[in-house]
**Q** 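This structure is in structure tokens; I'll ask about it shortly.
Here the structure is a predicted model, which is why all the values come from computation and not from measurement. The analysis underlying the following values was restricted to heavy atoms, covering all of them including side chains, and did not include hydrogens, waters or symmetry mates.
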Amino acid sequence: EVAAACEYLRELGGALQSALAKERERLWALEAREKQRQAEGVLELVKCMTREVDVTELFGIAVAHIVTVLRCDRATLFLKDPTTDPPTIWSMVPGPEPGKLLEIRVPLDGNSISGAVVSTLKLLRLADAYDDARFNQAFDRKTGYRTRSLLCVPVVDESGDERTVLGCIQCLNKETLEGRVVSFSDADAAAAVSFAAVTAAAIQHARMSDTADEVVDAFIKSELAGK
């Protein structure tokens, strides 16, 4: 009986090892497919942002792609506004009227998650946003929403001689395929950094296009005034 029990345990151990190996292979395959899906999402964002868009349009385009690729419930693109006193970061979010965006502003300091990320240029990832005193729970209390996992990355333009800080992207509540909220992974953080780089380039391109349009308009007005 002892020999039979030992043999049974050896067979059981072998079966468990085989099952674990298969599960590891399945998880590796899922991780590879997820990374591929995220990379394709970044490329799709690049395609969308190569066309002429203004800065306001970028909010909707960037957020839609980030939410889809990272499988998070919400995302917000904040842009730095150095013209205000004190400096602030601002964003456009869905307002009470369908199809209309509402401007929100946050002080550019270390007292908020987004402000701290823009100030320090350091990525921030939280399993539960409520564990960080800088997270403002007022919006959650007002709307009944519950923010749990959070990922915030700086948006920086590094195409010139100096780094230009533009803002940040904040993502909330990473979800599994079953709809369960989980923490953002290392792969999610890497994808978000890629999104931030593409978004930075698009913002600068949109701003240069707007500036060029203003110059042309001013020239036409001056020419007409001189005739």
**Q** Going by side chain to side chain donor-acceptor pair (under 3.5 Å), name the pairs with one or both residues in residues 164-173, residues two or more places apart or in two chains.
**A** Y145-N173

**Q** With the side chain counted from C-beta on, respond yes when L123 and V117 share a heavy-atom pair under 4.5 Å apart, and no when they do not.
**A** no

**Q** V155 and I113: same hydrophobic cluster, using ILVMFWY side-chain contacts below 4.5 Å?
**A** no

**Q** Assess R146 against Y130: is NZ or CZ under 6.0 Å from the centre of the six-membered ring, and within 45 degrees of the ring's axis?
**A** yes

**Q** Can you check whether I169 reaches I66 side chain to side chain, under 4.5 Å on heavy atoms?
**A**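 Side-chain contact under 4.5 Å: yes.
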
**Q** Counting C-beta onward and ignoring hydrogens, is there a side-chain heavy-atom pair between I203 and L79 closer than 4.5 Å?
**A** yes

**Q** Could you tell me whether R105 and D81 make a salt bridge, using a distance below 4.0 angstrom between a side-chain N and a carboxylate O?
**A**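 A salt bridge links R105 with D81.
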
**Q** Output the distance between atom CZ (F78) and atom CG (L108), rounded to the nearest 0.5 Å.
**A** 11.5 Å

**Q** As a test of understanding, state which of L121, L166, V118 forms a side-chain contact (heavy atoms from CB on, under 4.5 Å) with P154.
**A**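 It is L121; the other options fail the test.
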
**Q** What's the separation between atom CG in L126 and atom CG in L151, rounded to the nearest 0.5 Å?
**A**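 Answer rounded to 0.5 Å: 9.0 Å.
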
**Q** Check this for me: does any side-chain nitrogen of one of E158 and R163 sit under 4.0 Å from a carboxylate oxygen of the other?
**A** yes

**Q** Going from OG1 on T76 to CD1 on I104, what distance comes out if it is rounded to the nearest 0.5 angstrom?
**A** 6.0 Å

**Q** Determine, using the 4.5 Å side-chain heavy-atom cutoff (strictly less than), whether L124 and V106 are members of one ILVMFWY cluster.
**A**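 No, it is not one cluster - the side chains of L124 and V106 are not joined through contacts under 4.5 Å.
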
**Q** Counting C-beta onward and ignoring hydrogens, is there a side-chain heavy-atom pair between F135 and T147 closer than 4.5 Å?
**A**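 They are in contact (side-chain heavy atoms under 4.5 Å apart), so the answer is yes.
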
**Q** Are any of the side-chain nitrogens in D131 or R148 under 4.0 Å away from the carboxylate oxygens of its partner?
**A**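 Salt bridge between D131 and R148, a charged N being under 4.0 Å from a carboxylate O: no.
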
**Q** Taking all non-hydrogen atoms of both residues into account, name the closest pair between W90 and E103 and its distance.
**A**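 Heavy atoms of W90 and E103 come nearest at CE3-CG, 4.0 Å.
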
**Q** From S183 OG over to R125 CZ, what is the distance, rounded to the nearest 0.5 angstrom?
**A**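 Reported to 0.5 Å precision, the distance equals 8.0 Å.
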
**Q** Go through the structure and list residues passing side-chain contact (heavy atoms from CB on, under 4.5 Å) with A197, not counting sequence neighbours.
**A**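 Scan of A197 (side-chain contact (heavy atoms from CB on, under 4.5 Å), adjacent residues dropped) gives none.
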
**Q** How many angstroms lie between SG in C152 and CZ in R134, if you round to the nearest 0.5 Å?
**A**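 Atom-to-atom, C152:SG and R134:CZ are 9.5 Å apart.
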
**Q** So do the side chains of D73 and V67 get within less than 4.5 Å of each other, counting heavy atoms only?
**A**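 Of all side-chain heavy-atom pairs linking V67 with D73, none is under 4.5 Å.
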
**Q** Check whether L77 and L150 end up in the same hydrophobic cluster, where Ile, Leu, Val, Met, Phe, Trp and Tyr are linked by side-chain heavy atoms less than 4.5 Å apart.
**A**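 No; tracing contacts between hydrophobic side chains, which count when under 4.5 Å, never links both residues.
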
**Q** Distance from S112 atom OG to N136 atom CG, nearest 0.5 Å?
**A**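 Between atom OG of S112 and atom CG of N136 there are 8.5 Å.
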
**Q** Check for me, please, whether V153 and L70 land in the same ILVMFWY cluster - side-chain distances under 4.5 Å, paths through other members count.
**A**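 Yes, V153 connects to L70 through the hydrophobic network.
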
**Q** Given 3.5 Å as the limit, does a donor-acceptor pair link the side chain of S194 with the main chain of A190, or not?
**A**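 Between the backbone of A190 and the side chain of S194 there is a qualifying donor-acceptor contact (under 3.5 Å).
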
**Q** Test of understanding: with side chain to side chain donor-acceptor pair (under 3.5 Å), list the residues that count as partners of T120, not counting sequence neighbours.
**A** none

**Q** Could you tell me which non-hydrogen atom of S149 sits nearest to which non-hydrogen atom of V181, and how far apart they are?
**A**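 Shortest heavy-atom separation between S149 and V181 comes out as OG-CG1, 3.7 Å.
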
**Q** Mind running side-chain contact (heavy atoms from CB on, under 4.5 Å) on L177 and R71 for me, showing each step along the way?
**A** CA-CA 8 Å; L177 291 175; R71 288 200 175 104; 3.5 Å; yes

**Q** Given side chains that start at C-beta, do those of P87 and P82 come closer than 4.5 Å, heavy atoms only?
**A**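 Not touching, per the 4.5 Å side-chain cut-off.
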
**Q** Take D188 and K174 through the test salt bridge (Lys or Arg N to Asp or Glu O under 4.0 Å) and record every step on the way to the result.
**A** CA-CA 9 Å; D188 294 327; K174 164 78 176 184; 3.2 Å; yes

